[in-house]
Structure formats: C-alpha cells, structure tokens
Amino acid sequence: MAENAKEMRRRQREHEARVVVHDVQTDRRRTDNRKGIIALVVAALVAVGGQVAFTTTGGFAAAPAAESTAPGETATSAAAVPDPSIAEDREWTGTIDFNDGAFELGITLDGVNAPQATANLIDLAQKDYFDETSCHRLTTEGLYVLQCGDPTGTGTGGPGYEFGPLENVPEDGVYPAGTIAMARSQAEDSMGSQFFIVYEDTELPAPGYSVIGQVTSGLDELQAQIVDEGVDPSSGSTGDGTPLAPAVVTDITVE
C-alpha cells in the first residue's frame, strides 16, 4: 500500500512538472514575439539615423544552471515558496539515498546562513518531492558536480515557483568537495528544486550559488559508483551530460 501511494505521488509530481514546462514554453513564445516587435522598432530607428546601443550579459556556460524551469523560468509564485522559518535557524542533519540503497550520503543543511534555500529543500524533502528522481547532469571537466532535484530528470522541471536571493555564497568563488548548493539560471532569484553536489573542489564565477549544506559521508561511494563511470556518450559530450551509471535519488530525509 505504501509503495502504491509513493508511486501515485511520483506520477503526480511528473504530471505537475509537465504542466509547468508547457506553461513556460507558452510564455517563452509570447516573449519571443515581443522581442520580435522590439527588434523591428530598433531596426526602424537605425534606418532613420537613430543610434541604439545595447549590452548583453550571459552566464558561465559550464555553470550548474537549470536549462529551462527549475531553477529557471518557472512561473513565480511568492505564496508557494516555503517560508524561511521552516529552517528554524539551525543546522539540520539527514541522508540522500541513491539507487534504492546502493549507497547513502550523510548530509548537513545550514539553516542559519541559508534559511530560505534550506527551508525550500526541507519542505520538498518532507513532501517526498525528490523520491525516485534521476540526477540529470554530471560534469567532469573543469566543473565537478552532480546535478539533481528535477522530477522530470531532464533539467527542465521544477516545483512551479522560483525564489531568491542568493545566500551563503563563498567569497572566493571556491566550492570545496562535499558542498551542496542550489542550481539556478542566469537570474539570481531563479532557484527552484534543483541542487548540485560538488565531488571535487570547483571554482565558479560571481555572483555564485547558494550553499545549503555539506556531504559528511559517502562522497567516495558517489565518486566510485557514479562519477567514475563518466558521462553517457549519447549526451554528445564526454565531460558534461547525463551520467552513464544510474544516479537516482531514492529518498532524502532531514531532521
């Protein structure tokens, strides 16, 4: 009975994630239309001798970022974002179980220095949001992280909201092995459910990423059972793509 209930919750999460992706795609088409109109106006101004100057800034291509919705371009709903008070201004302990008990990471979460992001992970974990979700991204060249937390396992899913600001960002830009941090898109307030686990010291550019905790045990097993197997060749890259080995978060517990 418990397994059936868990399966129903998993299917419901996948359905909700697909709905979010559909809504985002619709919004994106509307945005593209608006950009097209703006481009025509700019072209007209140039044609009559006007001068238009612009600058663009892009994110670091190799950084742990959501590709579409979470963290990324999900519909923002402040009411849906878990309250920071959930973190109780304290350190939490817990576990991340991989591949139905193949190995387990011991973790701590920093509710003191990253209350909003920690509250978010706690709330989602307590709702079994992460159960049976596949880690969709492994990077092995210059950037050493395993990215998880997307219920669709594609890098485009999320909880249907996004939040900020950044918290507990390393001043020197160095994320030591064992760091757990929130992934995001280019916007600083675009965090959702996706997080990444650093398995080897990694340096990331400003403005950085919210560090929510640390791995206290099991990192060697993560390295041996997932990282050392490398990236699936069908991803199109040897250093950035879907893990070749199974990398399924069976359960996250916190207390």
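Here the structure is a predicted model, which means the values were calculated and not measured.
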**Study point:** Side-chain donor or acceptor of Asn99 paired with backbone N/O of Val248 under 3.5 Å
**Key:** yes

Exercise for review: Using atom types as modelled and distance alone, determine if a side-chain donor or acceptor of Asp150 lies under 3.5 Å from a backbone N or O of Ser134.
Suggested key: no

Review point. Among side-chain atoms of Asp228 and Gln223, is any donor-acceptor pair under 3.5 angstrom?
Key: yes

Revision key, fill the gap. Sequence neighbours excluded, the answer for side-chain contact (heavy atoms from CB on, under 4.5 Å) partners of Ser237 is Asp240

Practice item. May I have the step-by-step check of side-chain contact (heavy atoms from CB on, under 4.5 Å) for Phe195 and Asn120, ending in yes or no? Key: CA-CA 11 Å; Phe195 60 92; Asn120 178 68; over 6 Å; no

Exercise for review: Assess whether side-chain contact (heavy atoms from CB on, under 4.5 Å) is satisfied between Leu105 and Glu221, documenting all intermediate values.
Suggested key: CA-CA 8 Å; Leu105 298 182; Glu221 288 298 319; 6.0 Å; no

**Study point:** Backbone N/O of Gly157 and side chain of Gln194: donor-acceptor pair under 3.5 Å
**Key:** yes

Check your understanding: Who are the side-chain contact (heavy atoms from CB on, under 4.5 Å) partners of Glu200, not counting sequence neighbours?
Key -> Tyr144

Study note, to complete from the structure: Nearest heavy-atom contact between Tyr199 and Val145 is CE2-N, 3.3 Å

Exercise for review: Run the numbers on Glu141 and Thr238 for side chain to side chain donor-acceptor pair (under 3.5 Å), then give the verdict.
Suggested key: CA-CA 9 Å; Glu141 298 175 359; Thr238 59; 3.2 Å; yes

Exercise for review: Using atom types as modelled and distance alone, determine if a side-chain donor or acceptor of Thr179 lies under 3.5 Å from a backbone N or O of Val198.
Suggested key: no

Study note, to complete from the structure: Applying salt bridge (charged side-chain N to carboxylate O under 4.0 Å, His left out) to Asp97 and not counting sequence neighbours gives none

Revision key, fill the gap. Looking only at heavy atoms, the pair that brings Ala177 and Asp201 closest together is N-OD1, 2.8 Å

Exercise for review: Return yes if some donor-acceptor pair links the side-chain N/O of Ser190 with the main-chain N/O of Arg184 below 3.5 Å, else return no.
Suggested key: no

Review point. Rounded to the nearest 0.5 Å, how far does CD1 of Ile212 lie from CD of Gln214?
Key: 10.0 Å

Point to revise | Gap between atom CZ of Phe130 and atom CD1 of Ile96 - 0.5 Å precision | key: 8.5 Å

Practice item. Report yes or no: does Asn168 contribute a side-chain atom to a donor-acceptor pair with the main-chain N or O of Val211 at less than 3.5 Å? Key: yes

Revision key, fill the gap. Contacts of Phe196 meeting ring-ring contact (aromatic ring centres under 6.0 Å, His included) (sequence neighbours excluded), chain-then-number -> Tyr209

Review point. If you take all heavy atoms of Leu244 and Pro233, which pair is closest and at what distance?
Key: CD1-CD, 4.2 Å

Check your understanding: If every non-hydrogen atom of Ile226 is compared with every non-hydrogen atom of Pro243, which pair is closest and at what distance?
Key -> CG2-CB, 4.2 Å

Exercise for review: Please list, chain by chain and in numerical order, all residues satisfying ring-ring contact (aromatic ring centres under 6.0 Å, His included) with Phe163, sequence neighbours excluded.
Suggested key: none

Revision key, fill the gap. Here the pair of heavy atoms bringing Ala119 nearest to Ala87 is CB-N, 3.9 Å

Exercise for review: Taking Glu167 for its side chain and Gln116 for its backbone only, find out whether a donor-acceptor pair lies under 3.5 Å.
Suggested key: yes

Practice item. Quick one: pull up CG in Leu143 and CG in Leu204 and give me the separation to the nearest 0.5 Å. Key: 6.0 Å

Point to revise | Point-to-point distance, once rounded to the nearest 0.5 Å, from CG of Leu109 to CD1 of Ile107 | key: 4.5 Å

Revision key, fill the gap. Residue pairs meeting disulfide (SG to SG under 2.5 Å), one or both in residues 84-132, sequence neighbours left out, come to none

Review point. Which value, rounded to the nearest 0.5 Å, describes the distance between Ile252 atom CD1 and Asp128 atom CG?
Key: 10.5 Å

Point to revise | Pairwise distance OG1(Thr242) to CZ(Arg137) - rounded to 0.5 angstrom | key: 10.5 Å

Check your understanding: Are the side chain of Ser193 and the backbone N or O of Gly149 linked by a donor-acceptor pair below 3.5 Å?
Key -> yes

Practice item. Look only at the side chain of Gln225 and the backbone of Phe103, and say whether a donor-acceptor pair between them is shorter than 3.5 Å. Key: no

